[in-house]
2 protein chains.
Amino acid sequence: MNSGILKPASSPSSKTETSGSRDVLTRLRTDIVSSVFEPETRLKFADMTKRYDVGIGTLREALSQLSSEGFVTVEAGKGFKVSPVSAEELIEITDHFITFEKRAVREAIAHGGEDWETNIVAVHHRLSLIEGLPWERRMERHSEWVERHREFHEAIIAACPGRWLFRLRSIMFDQLDRYRFVTKRAPEGLGGRKLEEHREIMTATLARDADLACALIEQHIRDTSERAIKLL
Amino acid sequence: MNSGILKPASSPSSKTETSGSRDVLTRLRTDIVSSVFEPETRLKFADMTKRYDVGIGTLREALSQLSSEGFVTVEAGKGFKVSPVSAEELIEITDHFITFEKRAVREAIAHGGEDWETNIVAVHHRLSLIEGLPWERRMERHSEWVERHREFHEAIIAACPGRWLFRLRSIMFDQLDRYRFVTKRAPEGLGGRKLEEHREIMTATLARDADLACALIEQHIRDTSERAIKLL
DNA sequence: ACTCTTTCTTTTTTCGAAAATCTGTCTATC
DNA sequence: GATAGACAGATTTTCGAAAAAAGAAAGAGT
């Protein structure tokens, strides 16, 4: 089957066209985050190499990487499978992420300069361009939203000098993305609210009000996670 | 990371290399931790495949894994090199580790059962067998000490139910190991002191005195890290 | 009916050749 | 002398074939 010469990649959602050039690690992670592969699914080399059009070795390296990020689990001799999800894990991840993020925000506010501020304004604008859209159009560009949402939160803490703090936070953020996905098709509700929240977070941060920024971020994250828990 | 597979532990062969019984990932990590390769050293495939007697693909996977653990850094097209070390990073790692460890200890004390207690006593005994030795003999069995030391601290927090907390802690612990190595050849000093400290930590933990255990552990880690900072 | 082999199939894991990329050196040109 | 281009050697990255391991199915013995 799939007699096409290149790129079968018949993902059900063929809206975002960029996937062809991105590397297999990113594509595979995206597919796991967006539940193209359900939890516990075995990721067989034969299928995967065809789907992503890469060699076995390259694929194995990507899977190995994803296993250390926690997205897939590996059992020696039995191959790789998509890591399971659970409400308990989401609670724990949320908890860790909030702890990291609050700490990082304080550091960033303490150390950030003009470039940091400017970048926050810039990426927030990019994000608001999508969040300001009506519901259907937002859904169409969901994967873009995911990316810009990540960019925004990363920009906020970019001035944090602790590299490990940044790194640990990012691991948790990526994990949250996976759970965040389940709220994608949730009823409209907080769509416009998010636009508000992000603007408030930006304002507090640029005003160097660390306490307020932390409180807003904590609420922002907890809201999303709690919605996800209900849908799990 | 190091899943519960029992390792060969002892060094069977006279020379450092030969006998590729342990897998290349473990051996390479050990070599980096014990400064066989200095920081910033480029890890060329040609040399490495000969040294560890594995194929290019296998080696690449190991290096890739180590890069996500933070031991090596990778630049696309320019290969892998041993990550740099710095006093600043040690301070940050120490800080994160202590935060994780204290939290994990409290959880473990709250949740641990009889098996947990028993295992702590057992691995502490194994550790004390080395720490009770005179200085020269301790040095001879340093790599065994590293392993048993890890086992001991892992046993203390084994009952902690948070899997991500455990995981994040372990990443930091592995990083600390690398810095801990520089204190290996430090003047005798705290050799006997450590034996004391570990016994105190065990006693406090088994007595379910979380506050005391946390305080002891924090002191224990900070002492070691501060000694390392001076030697950096 | 059950279990222990044996054999065959599927899947993972390893390996080294070949392609792509980078680095440094030499030469032509201004 | 400085700059750009091109060549050669070294190094990384990719790929798929082949070996090793796991799983499934069939057969023999109890």
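The sequence lines fix the lettering, A, B, ..., with proteins before strands; numbering per chain opens at 1.
The distance from atom CG of Asp47(A) to atom C1' of dT12(C) is 13 Å, rounded to the nearest whole Å. Across the protein-nucleic acid pair, Phe45(A) atom CZ and dT14(C) atom P stand 10 Å apart, rounded to whole Å. The CZ-C1' distance, from Arg42(A) to dT12(C), rounds to 9 Å in whole Å. The distance from atom CZ of Phe80(A) to atom C1' of dA21(D) is 15 Å, rounded to the nearest whole Å. Note: NZ (Lys44(A)) to P (dT13(C)) measures 14 Å, nearest angstrom. Rounded to whole Å, the distance from CG on Asp23(B) to P on dT13(C) is 12 Å. Straight-line distance from the CG atom of Leu63(A) to the C1' atom of dT11(C): 13 Å, rounded to whole Å. Distance, Lys50(B) NZ to dT11(D) C1': 14 Å, rounded to whole Å.
Here the nucleotide nearest the side chain of Ile56(B), chosen from dT14(C), dG16(C), dC15(D), is dG16(C).
Under 3.5 Å, the side chains of Thr118(B) and Asp115(B) contain no donor-acceptor pair of N or O atoms. A donor and an acceptor atom, one from each side chain of Tyr52(B) and Asp31(B), are located under 3.5 Å apart.
The side chain of Arg60(B) places an N or O atom within less than 4.0 Å of a non-bridging phosphate oxygen (OP1 or OP2) of dT13(D). Taking 4.0 angstrom as the limit, Lys78(A) places none of its side-chain polar atoms (N or O) nearer than this to OP1 or OP2 of dA22(D).
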> Passes side chain to side chain contact (heavy atoms under 4.5 Å, CB included), Leu176(B) versus Ile221(B)? Steps please.
Replying inline: CA-CA 9 Å; Leu176(B) 277 188; Ile221(B) 302 296; 4.1 Å; yes
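Trp164(A) places no side-chain N or O within 3.5 Å of a backbone atom of Met172(B) that could act as its donor or acceptor partner.
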